[in-house]
J.: 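Take this structure, written in structure tokens, and hold onto it; I'll ask about it next.
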Amino acid sequence: MPELPEVETTRRGLLKILPGRKILKVEVYAAKLRLPIPADIPTKLKGAQITDITRRAKYMIWHISNDRDIIVHLGMSGRFRMATEKDFQRGVHDHIVLYLSDGMMVSYYDPRKFGLFTWAEDDGAPHPWLQNIGIDPLSDDLNAEWFYPQLQRRKISMKTALLDQKMINGLGNIYVSEALFYAGVRPERLTLQVTRSECQKLVKAIKQVLNAALKAGGSSLKDYRNVKGRLGYFQNQFAVYGRAGEPCKTCGQVIQQVTQNGRSSFYCQHCQK
DNA sequence: CGGTAGACCTGACCGC
DNA sequence: TGCGGTCAGGTCTACC
């Protein structure tokens, strides 16, 4: 599910609920997601407060009063549900349930359990998964002067390059296809063959797509919901993702689907070279 | 270095 | 209705 826009939408939703409330109780119903959920989390969080929630790539960092940070990753199907204690009904996929002061509840829901909920550091060492994260696509770090040489010294498909979180963080399968469409570059094109002007367009397209998705509250496929249970609506604006066989909104030609690294890419063979 | 396959896990959907 | 196969927004490891 969640690429940068969905994670950021989730973060903003949680920011409205978690800070300022005390954590009264934490219940954990799964031993592990992608990694084990540390056994000491319920004890350590009891009585604590979340002072802030920040984001690094697709990871959320929960800043806890008087304790280490927690990192949260939504994997493919993770999301947070919010409810009042009165209304809350735990389902089989609600793995971590937080009881907050004034009767609010927040739960981490994740059918596929590919997410992550653990201490951000262990023995003073930052979690290895937080190492080697590439640049933030929405910051000025992503510009053609930086990006072009990066592309020149590699010989991989553009799809693979944009999915590589160590180069640019935050893009996933949906937004890679969308950004490549707006830049007019096919997913199979090799990094080495991308021109300077295409690189310029890519930079623009990546930012434009992510910002538009953010504005729409993310994309909802299957079961993505924001914290309030609302659907994002960017999926209604997809130019190519999931539209194989349908006409290109720009030229009318049929959208193509190919498999790269075991994952689908979508493109228009007329608009993308 | 790059590519590939498999691992983790559950649910939805399709064709028979 | 049931069953098996395929696919899904992520990302790590193992191996060629």
Side-chain angles (χ1 to χ4, degrees), chain A residues 1-11 29-37 55-60 71-80 91-96 108-118 127-134 137 150-180 187-193 209-210 213-214 216-226 231-245 257-266:
Chain A
M1 143 204 168
E3 304 180 33
L4 187 153
E6 292 76 32
V7 176
E8 180 62 17
T9 300
T10 302
R11 182 187 79 89
Y29 294 93
K32 62 192 280 285
L33 301 171
R34 273 223 58 189
L35 294 179
I37 300 168
R55 182 182 57 76
R56 181 97 195 284
K58 299 174 192 169
Y59 296 91
M60 268 184 285
I71 44 173
V72 181
H73 193 287
L74 302 175
M76 288 280 259
S77 56
R79 69 186 216 229
F80 280 90
V92 279
H93 302 306
D94 286 293
H95 306 306
I96 300 164
Y108 177 70
Y109 173 98
D110 185 0
R112 296 181 71 181
K113 296 198 251 185
F114 288 167
L116 180 70
F117 195 100
T118 190
H127 194 284
W129 290 7
L130 286 177
Q131 302 295 106
N132 304 318
I133 288 178
Q150 294 288 315
L151 295 179
Q152 285 292 297
R153 64 186 185 76
R154 298 245 265 160
K155 196 181 171 185
I156 54 179
S157 71
M158 280 308 302
K159 160 71 175 252
T160 307
L162 293 185
L163 268 185
D164 183 357
Q165 305 294 302
K166 295 188 200 70
M167 180 141 64
I168 300 173
N169 78 56
L171 293 169
N173 214 35
I174 294 178
Y175 299 113
V176 165
S177 273
E178 293 296 296
L180 284 168
E188 308 102 312
R189 273 281 287 290
L190 292 181
T191 46
L192 206 58
Q193 301 167 339
V209 163
L210 291 177
L214 269 172
S219 303
S220 295
L221 303 185
K222 318 257 173 192
D223 58 2
Y224 172 71
R225 294 269 195 298
N226 69 19
L231 296 168
Y233 53 90
F234 192 69
Q235 68 280 5
N236 303 320
Q237 300 171 43
F238 288 163
V240 289
Y241 183 85
R243 299 193 60 242
Q257 175 171 5
V258 289
T259 300
Q260 296 176 279
N261 310 324
R263 312 194 69 194
S264 294
S265 301
F266 302 85

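Chain naming here is simple, since letters A, B, ... match the order of the sequence lines and numbering starts at 1 in each.
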J.: Name the residue closer to the 5' end of DNA chain B, choosing between A/G262 and A/V92 according to the nucleotide with the nearest heavy atom.
T.: A/G262

J.: Looking at A/E8 and A/R55, does any basic side-chain N land under 4.0 Å from a carboxylate oxygen?
T.: yes

J.: Quick one: ring pair (Phe, Tyr, Trp, His ring centres under 6.0 Å) partners of A/Y241, sequence neighbours excluded?
T.: A/F238, A/F266

J.: Could you check how far CG of A/L4 sits from P of C/dG10, rounded to whole Å?
T.: 11 Å

J.: Walk me through whether A/K58 and A/E3 qualify under salt bridge (Lys or Arg N to Asp or Glu O under 4.0 Å).
T.: CA-CA 6 Å; A/K58 299 174 192 169; A/E3 304 180 33; 5.6 Å; no

J.: So, is the end of the A/R79 side chain (NZ or CZ) under 6.0 Å from the ring centre of A/Y109 and within 45° of the ring's axis?
T.: yes

J.: Is it the case that the ring center of A/H95 lies less than 6.0 angstrom away from the ring center of A/Y29?
T.: no

J.: May I have the distance from A/L151 (atom CG) to B/dC1 (atom P), rounded to whole angstrom?
T.: 16 Å

J.: Rounded to the Å, how far apart are A/Q235 CD and C/dA8 P?
T.: 17 Å

J.: Just checking A/T160: base, sugar-phosphate only, or nothing, at a heavy-atom cut-off of under 4.0 Å?
T.: nothing

J.: Roughly how many Å is it from CZ in A/R79 to P in C/dG10, rounded to a whole number?
T.: 17 Å

J.: Would you say C/dT11 has OP1 or OP2 under 4.0 Å from some side-chain N or O of A/K58?
T.: yes

J.: Measuring from the side chain of A/H73 (C-beta onward, heavy atoms only), which nucleotide among C/dG10, B/dT4, B/dG2 has the closest atom?
T.: C/dG10

J.: Where the side chain of A/K32 is defined as all heavy atoms beyond and including C-beta, which of B/dC9, C/dG10, B/dG2 is the nearest nucleotide?
T.: B/dC9

J.: Using a distance-only criterion (donor-acceptor N/O pair, under 3.5 Å, no hydrogens), is the base of C/dA8 paired with the side chain of A/R263?
T.: no

J.: Between P on C/dG10 and NZ on A/K113, what's the gap in Å once rounded to a whole number?
T.: 20 Å

J.: Pick the P atom in C/dT1 and in B/dT10, then give their distance to the nearest Å.
T.: 25 Å

J.: Below 4.0 angstrom from OP1 or OP2 of B/dG2, is there any side-chain N or O of A/R154?
T.: yes

J.: Extract the stems that DNA chain C is part of, considering only consecutive pairing runs of at least three Watson-Crick or G-U wobble pairs, both distances under 3.5 Å.
T.: B:2-8 with C:10-16, B:10-16 with C:2-8

J.: Using a heavy-atom cut-off of 4.0 Å across all strands, would you classify A/Y175 as base, sugar-phosphate, or nothing?
T.: nothing

J.: Please confirm whether the shortest side-chain N or O distance from A/S264 to OP1 or OP2 of C/dA8 is below 4.0 Å.
T.: yes

J.: Can you confirm whether the side chains of A/N173 and A/S264 place a donor and an acceptor under 3.5 Å from each other?
T.: no

J.: Which heavy atom of A/P137 sits nearest a heavy atom of A/L4, and at what distance?
T.: CG-CD1, 3.9 Å

J.: Taking only the side-chain heavy atoms of A/Y59 (C-beta and beyond), determine which of C/dG10, C/dC12, B/dT10 contains the nearest atom.
T.: C/dC12

J.: Could you tell me whether the phosphate oxygens of B/dG11, OP1 or OP2, come under 4.0 Å of any side-chain nitrogen or oxygen in A/H93?
T.: yes

J.: May I have the distance from A/Q260 (atom CD) to B/dG2 (atom P), rounded to whole angstrom?
T.: 15 Å

J.: Using atom CZ of A/F114 as one end and atom C1' of B/dT10 as the other, report the distance to the nearest whole Å.
T.: 8 Å

J.: So that I can tick it off, tell me whether A/R154 and A/D164 are bridged by a salt bridge, with the cut-off set at under 4.0 angstrom between side-chain N and carboxylate O.
T.: yes

J.: P atom, B/dC9 versus C/dG2: distance in rounded Å?
T.: 27 Å

J.: For residues A/E188 and A/S157, is any side-chain donor paired with an opposing acceptor at under 3.5 Å?
T.: no

J.: May A/W129 be described as stacking on the base of C/dT11, applying a 5.5 Å centroid limit and a 30° limit on plane angle?
T.: no

J.: Within this structure, what is the CG-to-C1' distance between A/L171 and C/dT11, rounded to whole angstrom?
T.: 15 Å

J.: Of the nucleotides C/dG10, C/dA8, B/dT4, which one has an atom closest to the side chain of A/N261?
T.: B/dT4

J.: Start at the 5' end of DNA chain C and walk down; is the nucleotide closest to A/K166 or to A/F266 reached first?
T.: A/F266

